[in-house]
Amino acid sequence: MCGFISIIQNDSSQEVPVFDLLDAIEHRGPDDWGWLVSTNSEIVQGKDRKNLSGNVILAHRRLSIIDLSQNGWQPMSSEDGTLHLSYNGELYNYIELKEELLDLGYEFVSDSDTEVLLIAWKHWGKEAVKRFIGMFAFSIFDSDRNKLFIARDFFGIKPAYFCKWRNGIAFASEQKPLLMLQGVSRKLNDQRVYEYLRSGLTEQTTETILSDIQQIPPATIMEFDVDEPCFFHEEKYWQIGSAPQVKISFDEAVRKTKELFLESVDIHLRSDVRVGAALSGGIDSSAIVCAIRHLRPEMELHTFTYVAGEKGLSEESWADVVIGHTNAIPHKIEVSFDDLIRELPKLLETQFEPFGSTSIYAQYKVFERAKQAGVTVMLDGQGADEILGGYVGYQGSRLASLIKSFKWSEAYRFISSSSIYPGRNLSYLAQLAAPHLLPEFIMPLARKVAKKSSSPQWMSLDWIKENSISLRTGKIHDRFNGALRSHLVESVEYSHLPHLLRYEDRNSMIHSIESRVPFLVPEFANFLLSLPEEFLISNEGESKFVFREAMRGIVPEVILNRQDKVGFETPHLQWSNALREHILVALSDVGQIPYLNVSYLKDQLLETKEGLGSIDELACWRILNLLLFMKNSHFTVK
């Protein structure tokens, strides 16, 4: 796992402070570094610290996971000197790919997955990425054809950003290096600011919160001609949810789900360094930990669990069940509000863009503890909810599917059965189903009736109007057969998973930890999304139905029978009250803030010493986060 920077220059004589850029992502690769420069087809490589000039510059920071020797050094060039790779990621199936390439007559000088990726590209070209199982973002410079290719993995687990700058186009694993290039502004993207303040989302599109910087979409290859870099070809090589619905019995689906999941966990355990796992006590993380023990009975297994201070949020007792079942070595992490405030500057710097809730801090501390314990690779359950229908919101989509299919008796049964689970009464299920059932023009009225305004009073209505901000209605477009399937695909592509993956990438990499997500494998995800909806959320409203059954005999029954959901939840309400004074100070420090109705906001904050008036606790956090983001990073509004 590493960090990369790739630059195309119009004027090859222009010197670039490459090591200043590399230093900005040193945490992504503290073990080694290197660079490659191409000037009029002449290739020079090295690692000495100096400014570089050329038509193409590749620079790299390395975190050694597989093949710790110098044979894995990057940027890596092919034997014939025509392909040059700078790569951030891991190919878990590199052994199988290597065997296939050996049979085709290729030779290898290292045991690294980097060399496998490079030779696979040489043999199969762009088609090679469809064979990869892993997470990756990489640039390949083809000096023979004078083209630069940038590719990102199927789900966007690993980040890749790009921008135009004064002398060409640049790409990087994070945004910070790109901001150091001439001509890249610090102006914020108004629409993205609105989306963040309103709902906490930041990753719905290829745009970022910075106007001049975009991200490369998941499952995409971009091809640039070095002589004319402003004209490029973009190719989508995979689409989640594209597999047709399978005709399969529930028992067959259970067997296949178990088989695919265990295969994924097994291949995600490949490493030359110590491996651990995040354990919340929920079904997903518990399944990973128990699967590891099932597959590796003798493995030294470390688990890392955040323990919430508030009784209703703590999952410690559930985690203890799994720890006892697997004989794991437990590490438990507790955090306080004072800890958050003390480390908030570092957390903001780590995430760079604002983030939606304080639970990101709990995750940050989990990875910090893993680093202290000498664990370099962590397995995590990210993505399971989005492909298995784990969140309560998906219950509404399941109900909408039944209603749209005129299955009235089944819909009634679903509502009646679901009501036994926490927070799933008829009124709430109806609200969740509405975005699938109501036409677009009705949604604003529906939100108003539900008292969910698209522009709360603490936001500036003048700013919204002046900047023609689009007010999202919450309408979910059913692109596939079934409202649930459409909702899950939208969650993976736009509305939910992308920002969770960004949080995880930054929180893990700041501690030089490689975080792996075995639920996010194309074959596994597409299989689950090809199943009948009642296999994912049963006719009785039980979420993750097929997966729970697949894990019988591996995960303790008491865990599989859980119907509540917590995760890494911090006590938002308690902490938001304590944040009140910090918001008031930030409002005074930042200066002009066109996004906010400052007078109304101050009135609400001063209204009571016990609460935040009409401002909910998550909105409170987002406001403070944005204010500090603007102050600390000197971003501009206009």
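Every heavy atom of this structure was used, including side-chain atoms; hydrogens, water molecules and symmetry mates were not.
No hydrogens or angles considered: a donor-acceptor pair under 3.5 Å links the side chains of Gln351 and Asn507. For Glu100 and His123, the side-chain atoms include no donor-acceptor pair closer than 3.5 Å.
The local environment of NZ in Lys164 is sparse, with at most 12 non-hydrogen atoms from other residues, nucleotides or ligands closer than 6.0 Å. The environment of Glu79 atom CD is sparse: at most 12 non-hydrogen atoms of other residues, nucleotides or ligands sit within 6.0 angstrom. Residue Glu107 qualifies as open at atom CD: its count of foreign heavy atoms under 6.0 Å is 12 or below.
Pro217 and Thr206 make their closest contact through CG-CG2, 3.4 Å (heavy atoms, listed as atom of the first residue, atom of the second, distance). Closest non-hydrogen pair, Ala219 versus Trp238, comes out as CB-O, 3.6 Å. Between Gly34 and Leu22 the shortest heavy-atom distance is O-CD1, 4.5 Å. Summarising the geometry of Leu148 relative to Ser6, their closest heavy-atom pair is CD2-CB, 4.4 Å, with the distance given to 0.1 Å.
By the side-chain hydrogen bond (donor to acceptor under 3.5 Å, both in side chains) test, Glu203 pairs with Gln215, Arg502, sequence neighbours left out. Not counting sequence neighbours, the partners of Glu343 by the salt bridge (charged side-chain N to carboxylate O under 4.0 Å, His left out) test are Lys365.
Ion pairing of Lys130 with Glu235 is absent here, as no side-chain N (NZ or NE/NH1/NH2) approaches a carboxylate O to less than 4.0 Å.
Because its NZ or CZ atom is both nearer than 6.0 Å to the ring centre of Phe108 and within 45° of the ring axis, Lys98 counts as a cation-pi partner of that residue.
In this pair, Tyr364 and Tyr361 present their aromatic rings parallel. The plane angle is below 30°, not in the 30 to 60° band. Trp463 and Tyr194 have tilted rings, their planes meeting at an angle from 30° to 60° on a 0 to 90° scale. A tilted orientation is assigned to the rings of Phe232 and Phe224, their planes being inclined by 30° to 60°. Ring geometry, His302 versus Phe304: the interplanar angle falls under 30°, so the pair is classed parallel (tilted spans 30 to 60°).
For Phe132 and Trp121, the gap between ring centers reaches or exceeds 6.0 Å.
Between Phe171 and Ser139, the closest side-chain pair of non-hydrogen atoms is not below 4.5 Å. A heavy-atom distance below 4.5 Å is found between the side chains of Leu188 and Met630.
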